[in-house]
Amino acid sequence: MKILLFGKNGQLGWEFQRLLPILGEVTALDRDELDISDMQAIQKKIEELKPGLIINASAYTDVDLSEKEIELATKINALAPGVMAEMSRKVGAAFVHYSTDYVFDGRQGSTYKESDSTHPLNMYGKSKLAGEENIKQAGEAYLILRTSWVYSLRGNSFVNKVLKWSRQNRNLKVVNDQISSPTWARTLAEVTSFVLAKHKKDLYAEICERSGIYHLTGGGFTSRYEWARQILANDPARSEQIVQAIEPASSEDFPTPAVRPLFSALDCTLFEEKFGLRLPDWRDTLQLAMTG
Ligand SMILES: NC(=O)c1ccc[n+]([C@@H]2O[C@H](COP(=O)([O-])OP(=O)(O)OC[C@H]3O[C@@H](n4cnc5c(N)ncnc54)[C@H](OP(=O)(O)O)[C@@H]3O)[C@@H](O)[C@H]2O)c1
């Protein structure tokens, strides 16, 4: 099977590059090889390659900058996924795409199911929701996997930021009123790959039968503050930390251009039941990611 991966150098894309060769012959692209804000370039590449599976790990993920770069965020998060879904249908490819807990406003007070009403508070969430809608309109065999608080041990992830702050500051303040589920990029790629491998024999038909939106995150939920505490506790080079105290703060103490939902944890029961998989608790996964 030919596989086309967009966004190969992102947190998730990087992990997919390690896993996908087990499933088939992979063409993995980064921005320099194909700019997904160019719809014609997407169409041309898919027509040329005629893959059996397309995975979109690319996205405009700068939540605050999305408030300014609305047009670009819309192209990347809303229009491109629609074109990918349409082209997937044309060439008979299964299509996997990722969305976000930020399609919700966080005011429900309990974990969100797929059937709950969306109401994004910021442009990032709006553009991702429009991407979901465009895929549903144009696609046939697709999985839209909504996830949250994706981290890796590479680049500028929250885990690496907390580790960096702990080496520069004696006191840290982290918000404790934002609650969701930390999700290791590797787990996300692995779980997705399990699903694809399980249905590989007749992938298009199998995914077609299960097409839709699913919630897929690390198990359980927590606040950013507690997440940061666990990051410090799992730090394999703890002697390098100079931090002495970590204090809970309110989102109001750290005004940002984009408003974030406060309680946006997702209920992943549908995914677990439909695909017969169990999503490991975020704490266990974090420990594995940092010390394994
Ligand atoms: N990160 C989170 O906390 C989070 C939370 C919920 C949902 N999600 C969703 O999960 C998925 C994976 O997220 P992630 O954290 O792995 O994202 P990421 O690390 O920011 O990676 C996104 C990738 O997309 C690429 N990209 C951006 N614009 C592009 C363009 N015009 N053409 C081609 N490539 C482009 C980026 O390339 P450059 O490196 O060149 O910019 C980067 O490699 C996304 O759909 C995201 O919306 C993420």
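Numbers here are sequence positions counted from 1. Just so you know, ligand 1 is whichever comes first in the structure, and atom 1 is the first atom listed for that ligand.
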Give the cluster check for Ile70 versus Val103: same hydrophobic cluster or not, with ILVMFWY residues linked at side-chain heavy-atom distances below 4.5 Å. no
Count I, L, V, M, F, W, Y as connected when their side-chain heavy atoms are under 4.5 Å apart, and connections chain through other members. Are Val175 and Val243 then in the same cluster? no
What are the polar N/O contacts of ligand 1 with the protein below 3.5 Å, with distances?
from: ligand 1; atom 1: 3 (O); to: Val150; atom 2: N; distance (Å): 3.0
from: ligand 1; atom 1: 15 (O); to: Gln11; atom 2: NE2; distance (Å): 2.8
from: ligand 1; atom 1: 16 (O); to: Gln11; atom 2: N; distance (Å): 3.3
from: ligand 1; atom 1: 16 (O); to: Leu12; atom 2: N; distance (Å): 2.9
from: ligand 1; atom 1: 19 (O); to: Gln11; atom 2: N; distance (Å): 2.9
from: ligand 1; atom 1: 20 (O); to: Thr61; atom 2: OG1; distance (Å): 2.6
from: ligand 1; atom 1: 24 (O); to: Ala59; atom 2: N; distance (Å): 3.2
from: ligand 1; atom 1: 28 (N); to: Arg31; atom 2: NH2; distance (Å): 3.2
from: ligand 1; atom 1: 31 (N); to: Asp35; atom 2: OD1; distance (Å): 2.9
from: ligand 1; atom 1: 32 (N); to: Ile36; atom 2: N; distance (Å): 2.9
from: ligand 1; atom 1: 40 (O); to: Arg31; atom 2: NE; distance (Å): 3.0
from: ligand 1; atom 1: 41 (O); to: Arg31; atom 2: NH2; distance (Å): 2.7
from: ligand 1; atom 1: 43 (O); to: Gly10; atom 2: N; distance (Å): 3.1
from: ligand 1; atom 1: 45 (O); to: Tyr98; atom 2: O; distance (Å): 3.2
from: ligand 1; atom 1: 45 (O); to: Lys128; atom 2: NZ; distance (Å): 2.8
from: ligand 1; atom 1: 47 (O); to: Tyr124; atom 2: OH; distance (Å): 2.7
from: ligand 1; atom 1: 47 (O); to: Lys128; atom 2: NZ; distance (Å): 2.9

Between Gln230 and Glu226, does any side-chain donor sit less than 3.5 Å from a side-chain acceptor? yes
So does Phe271 get a backbone contact from the side chain of Lys274, meaning a donor-acceptor N/O pair under 3.5 Å? no
Going by atom types alone, do Asn176 and Ser223 pair a side-chain donor with an acceptor below 3.5 Å? no
Residues in salt bridge (charged side-chain N to carboxylate O under 4.0 Å, His left out) with Lys161, at least two apart? none
